[in-house]
Amino acid sequence: MITALSGDTSRLRATVDFVKEQDTATLLPLLFPGLDGPELRALVECCDFSHAALLVFPSDEAALAAMLADCGLVPGTPPQPSVVVRERLAVRHKRGAAELDVGILRPAVERPDGTRRMVEVFALTVPPGSDLGTVAAYERERQHETHIAFEVETPDPLVLRGLCAAFGRYGATPDGGGYNPHENGTVFYFTAPAEAKAGYRRVELYVPGDHRDILAAHLDEHRARQPAETLLRLLTGAWTTQALAAFAQLEVADAMDEERGIGLAELARDTGVLAPNLATLLRYLTMLGVVNEGRDGFRLTDTGRLLRADAEGSMRALALMYGGPFYESFAGLGHTVRTGEVAFERCFGENHFDHFARDPELAELFDRSMAAGSRMFDPLPTHPVLAAAAEGATVVDIAGGDGELLGRILSAHPRLHGILLERPRTVETARRLLDAAGHTERCAFRAGDFADVPAGGDVYVLSRVLHDWDDDRCREILRHIARAMSDTADLLVVERVLPADGSASLATAWDLHMMCNVGGRERRADHYARLFADAGLTLVGLAPLPLDGSVLHVRTRSR
């Protein structure tokens, strides 16, 4: 199997070969079909093909050095900090730029005629176990930072404006840029026209010196082109939801894998669908990065694999839920905003808990969809409260669903015991799953409601529950828990917490979802602190979890 790092090395080697083979006069017409004659000669005189660039993800400096050596590259200087690419990654992945250690190297490549060009290597360090692995996987699939670059020979303002205008006449569109003070250079990014034949969709003009005055106009044009396209992409978000849901519902993902491509006809036959219509769906999913199309047919990406029923961490149930009942209810969002009535209840005539409870298949789908977000739980078993719990201590998981979280805790801490409190039907599901994991000897099961929280626990866990309810019901739930807790017990509450500074977060999206479908809400940390205080509890800590989750550490007020 090809590892991610070996894949980076293969991409880098292909980039080196490209740089060796191309020159300015042949490359410009490939990028801009129709460019020839005097205008081509003028552009060749003004700019020169300087390098091809790609983004790689070494685990450390030694891994980067080995990758470069494998491709015959010798960096002449240490990596310089990236500014432009780091900022683009920060915006794209909603992360702080300080989290992203991106460096730039420009090792030389000697061409057959003896001239030298460069390969520009952007390196984002991704240590083993880092949560930046998701960033690396996304960028490897999408190749947003892969580009070819031309350096402006004479950085005269008139020449630079003329080059930008010429690129635009032949179909290139502004795609950002920036000034890097570390090397005193300005970059202008363009998206190549759709008919370009160079194999690269992004083009850079690199200009030595500070040209932020001209860059400002370039960026203004980029922004001016974006609103309509951005809005149109947002308006088609429902199509994306249904495309993913249909892909899961028709079990197309289950008929595919990541190692072997499968032809359209075979895939249509295996799934019992119409081949031309399946082709249309797969083209759309290819654009989303869910599948890849190659010479041997279609295959799943890492993202698409999560829509297989048998995949580790499968999110198939979530796709069916979001593309099913919750999709239908979201059509009533305007009614909820106008009246306060929960759209799900207006659509189905009852609240979603009762609706799912009356339909065993739907209830099972809902439980599996909740488990699909279990990656949020990955770091939770290492929480200091659980790590410090004494031999034989008891963890009580309140409304613990199918036992996914409690099972993880018991697996990580064989010295601990567990109690799971849930509805009768769900308790039996959890019993089967925890028994299969070998935990039932250390785990008790209680069928009941929040009023039945057992006393005597050392650590209580309340995961993704409070956001289902309004403040009054949350206070009631928390008071039941507070009465069950001893003065030495701890409570861990898992929720998506709204950011206090209004920054982008999945919590903001889930706040809308909870309002529309459940009548609940997401909350800021200070809001939770007030709810805890009203129940006689105190918020003593908050730590981040994956998928924009958080764990709030709560104790009794007397402690």
Report, one line per pair, each donor and acceptor closer than 3.5 Å where one atom sits in a side chain of residues 241-254; sequence neighbours left out.
from   : atom 1 : to     : atom 2 : distance (Å)
Thr241 : OG1    : Gly237 : O      : 3.4
Gln242 : NE2    : Gly323 : O      : 3.0
Asp254 : OD1    : Ala309 : N      : 2.8

TODO: With the side chain counted from C-beta on, respond yes when Ser59 and Pro127 share a heavy-atom pair under 4.5 Å apart, and no when they do not.
DONE: no
Task: NZ/NE/NH1/NH2 to OD/OE distance under 4.0 Å, Arg305 and Glu312 - done: no
Task: Check: Thr286 side chain, Leu282 main-chain N or O, donor-acceptor pair, under 3.5 Å - done: yes
- [ ] Could you tell me which non-hydrogen atom of Leu410 sits nearest to which non-hydrogen atom of Leu416, and how far apart they are?
- [x] CD2-O, 3.7 Å
TODO: With sequence neighbours left out, write down each residue that passes side chain to side chain donor-acceptor pair (under 3.5 Å) with Asp397, or none if nothing qualifies.
DONE: none
Open item on the list: Going by the rule side-chain contact (heavy atoms from CB on, under 4.5 Å), which residues pair with Pro546 if we only count those two or more places apart in sequence or in a different chain?
Closed with: Arg375, Pro379
- [ ] Tell me yes or no: between the side chains of His144 and Glu139, is some donor less than 3.5 Å from an acceptor?
- [x] no
- [ ] Taking Ser314 for its side chain and Ala311 for its backbone only, find out whether a donor-acceptor pair lies under 3.5 Å.
- [x] no
- [ ] Without swapping roles, check the side chain of Thr426 against the backbone of Gly401 for a donor-acceptor pair under 3.5 Å.
- [x] no
TODO: Mind checking side chain to side chain donor-acceptor pair (under 3.5 Å) for Asp435 and listing every partner two or more places apart, or none if nothing turns up?
DONE: Thr440
- [ ] State whether the side chain of Arg431 and the backbone N or O of Asp402 hold a donor-acceptor pair below 3.5 Å, judged by distance alone.
- [x] no
Task: Heavy-atom pair with the smallest gap, counting every atom of Gly403 and Leu420 - done: CA-CD1, 3.5 Å
Task: Min side-chain heavy-atom separation Leu55-Thr146 under 4.5 Å - done: no
Open item on the list: Please enumerate all residues that pass side chain to side chain donor-acceptor pair (under 3.5 Å) together with Asp471, with sequence neighbours excluded.
Closed with: Arg523, His527
Task: Residue pair Val497, Glu522: steps toward the side-chain contact (heavy atoms from CB on, under 4.5 Å) verdict - done: CA-CA 6 Å; Val497 176; Glu522 307 294 351; over 6 Å; no
Task: Pairwise distance CD(Glu428) to CZ(Phe445) - rounded to 0.5 angstrom - done: 8.5 Å
Open item on the list: Can you list everything that forms a salt bridge (Lys or Arg N to Asp or Glu O under 4.0 Å) with Arg201? Sequence neighbours excluded, please.
Closed with: none
Task: Residues that Arg358 engages under salt bridge (Lys or Arg N to Asp or Glu O under 4.0 Å), provided they are two or more places apart - done: Glu350
Task: Non-hydrogen atoms of Leu320 and Pro325 that approach each other most closely - done: O-CD, 4.1 Å
- [ ] Can you sort out the partners of Asp296 under side-chain contact (heavy atoms from CB on, under 4.5 Å), two or more places apart, ordered by chain and number?
- [x] Arg299
- [ ] Grab the two heavy atoms, one from Ala507 and one from Arg496, that are nearest each other, plus how far apart they are.
- [x] CB-CB, 3.7 Å
Open item on the list: Restricting to non-hydrogen atoms, name the atom on Leu219 and the atom on Gly177 that form the minimum distance, rounded to 0.1 Å.
Closed with: CD2-N, 3.6 Å
Task: Under 3.5 Å donor-acceptor, Arg346 side chain and His335 backbone - done: no
Task: Under-4.0 Å salt bridge between Arg11 and Asp8 - done: yes
Open item on the list: Taking the basic N atoms (NZ, or NE/NH1/NH2) and the acidic carboxylate oxygens, is any pair closer than 4.0 Å for Arg464 and Glu495?
Closed with: no
Task: CD-CZ distance between Glu145 and Phe122, expressed to the nearest 0.5 angstrom - done: 7.0 Å
Open item on the list: Run the side-chain contact (heavy atoms from CB on, under 4.5 Å) test on His352 and Val518 for me, step by step, so that the C-alpha distance in whole Å, both residues' side-chain angles and the decisive distance to 0.1 Å come before the verdict.
Closed with: CA-CA 7 Å; His352 95 289; Val518 185; 3.7 Å; yes
Task: Which residues share a side chain to side chain donor-acceptor pair (under 3.5 Å) with Arg408, sequence neighbours left out - done: Ser374, Asp378, Glu404
- [ ] Would you list the pairs meeting side chain to side chain donor-acceptor pair (under 3.5 Å) in which at least one residue belongs to residues 269-283, sequence neighbours left out?
- [x] Thr280-Arg283
Open item on the list: To the closest 0.5 Å, what do you measure between CG (Leu512) and CG (Leu333)?
Closed with: 5.0 Å
Task: Non-hydrogen atoms of Leu380 and Leu386 that approach each other most closely - done: O-CD1, 3.5 Å
- [ ] Go through the steps to decide whether Ile409 and Val459 satisfy the test side-chain contact (heavy atoms from CB on, under 4.5 Å), and finish with yes or no.
- [x] CA-CA 11 Å; Ile409 293 171; Val459 180; over 6 Å; no
TODO: Please tell me if the side chains of Leu100 and Leu132 come closer than 4.5 Å, counting only heavy atoms from C-beta onward.
DONE: yes
Open item on the list: Please check: side-chain N/O of His553 versus main-chain N/O of Leu491, any donor-acceptor pairing under 3.5 Å?
Closed with: no
Open item on the list: So does Trp239 get a backbone contact from the side chain of Thr236, meaning a donor-acceptor N/O pair under 3.5 Å?
Closed with: no
TODO: Using the test side-chain contact (heavy atoms from CB on, under 4.5 Å), find all partners of Arg260 that sit at least two apart in sequence or belong to another chain.
DONE: Asp257, Ile262, Glu266
Open item on the list: For a side-chain contact (heavy atoms from CB on, under 4.5 Å) check, start with the C-alpha distance between Met321 and Tyr327, then their side-chain angles and the critical distance, and finish with the verdict.
Closed with: CA-CA 8 Å; Met321 184 62 68; Tyr327 185 89; over 6 Å; no
- [ ] Please check if the side chain of Ser550 supplies one atom and the backbone of Pro544 the other of a donor-acceptor pair under 3.5 Å.
- [x] no
Open item on the list: Can you confirm whether or not the ring centre of His355 sits under 6.0 Å from the ring centre of Phe348?
Closed with: yes
Task: Pair Arg446 + Asp452, salt bridge at N-O below 4.0 Å - done: no
TODO: Would you mind checking if Arg423 and Asp449 are paired as a salt bridge, meaning a charged N to carboxylate O distance below 4.0 Å?
DONE: no
- [ ] Please check if the distance between the ring centroids of Phe326 and Trp510 is under 6.0 Å.
- [x] no
Open item on the list: Could you measure the distance from the CZ atom of Arg521 to the CG atom of Asp470? Nearest 0.5 Å is fine.
Closed with: 9.5 Å
Open item on the list: Can you pull out every ring pair (Phe, Tyr, Trp, His ring centres under 6.0 Å) where at least one residue sits in residues 279-323? Sequence neighbours excluded, please.
Closed with: Tyr322-His513
TODO: Answer yes or no on whether Arg202 is positioned over the face of Tyr189, meaning its NZ or CZ is under 6.0 Å from the six-membered ring centre and within 45° of the axis.
DONE: yes
Task: Minimum side-chain heavy-atom gap Asp175-Val203 below 4.5 Å - done: no
Open item on the list: Distance check, rounded to the nearest 0.5 Å: Glu364 atom CD versus Thr429 atom OG1?
Closed with: 7.0 Å
TODO: Give a yes or no answer on whether the side chain of Ser82 reaches the backbone of Arg86 with a donor-acceptor pair at less than 3.5 Å.
DONE: yes
- [ ] Could you label the plane-to-plane angle of the Tyr138 and His93 rings as parallel, tilted or perpendicular, counting under 30° as parallel and over 60° as perpendicular?
- [x] perpendicular
TODO: Please tell me if the side chains of Phe532 and Leu478 come closer than 4.5 Å, counting only heavy atoms from C-beta onward.
DONE: yes
Open item on the list: I'd like to know whether the aromatic ring centres of Phe344 and Phe356 sit less than 6.0 Å apart in this structure.
Closed with: yes
Task: CG on Leu285 to CG on Leu307, rounded to 0.5 Å - done: 8.5 Å
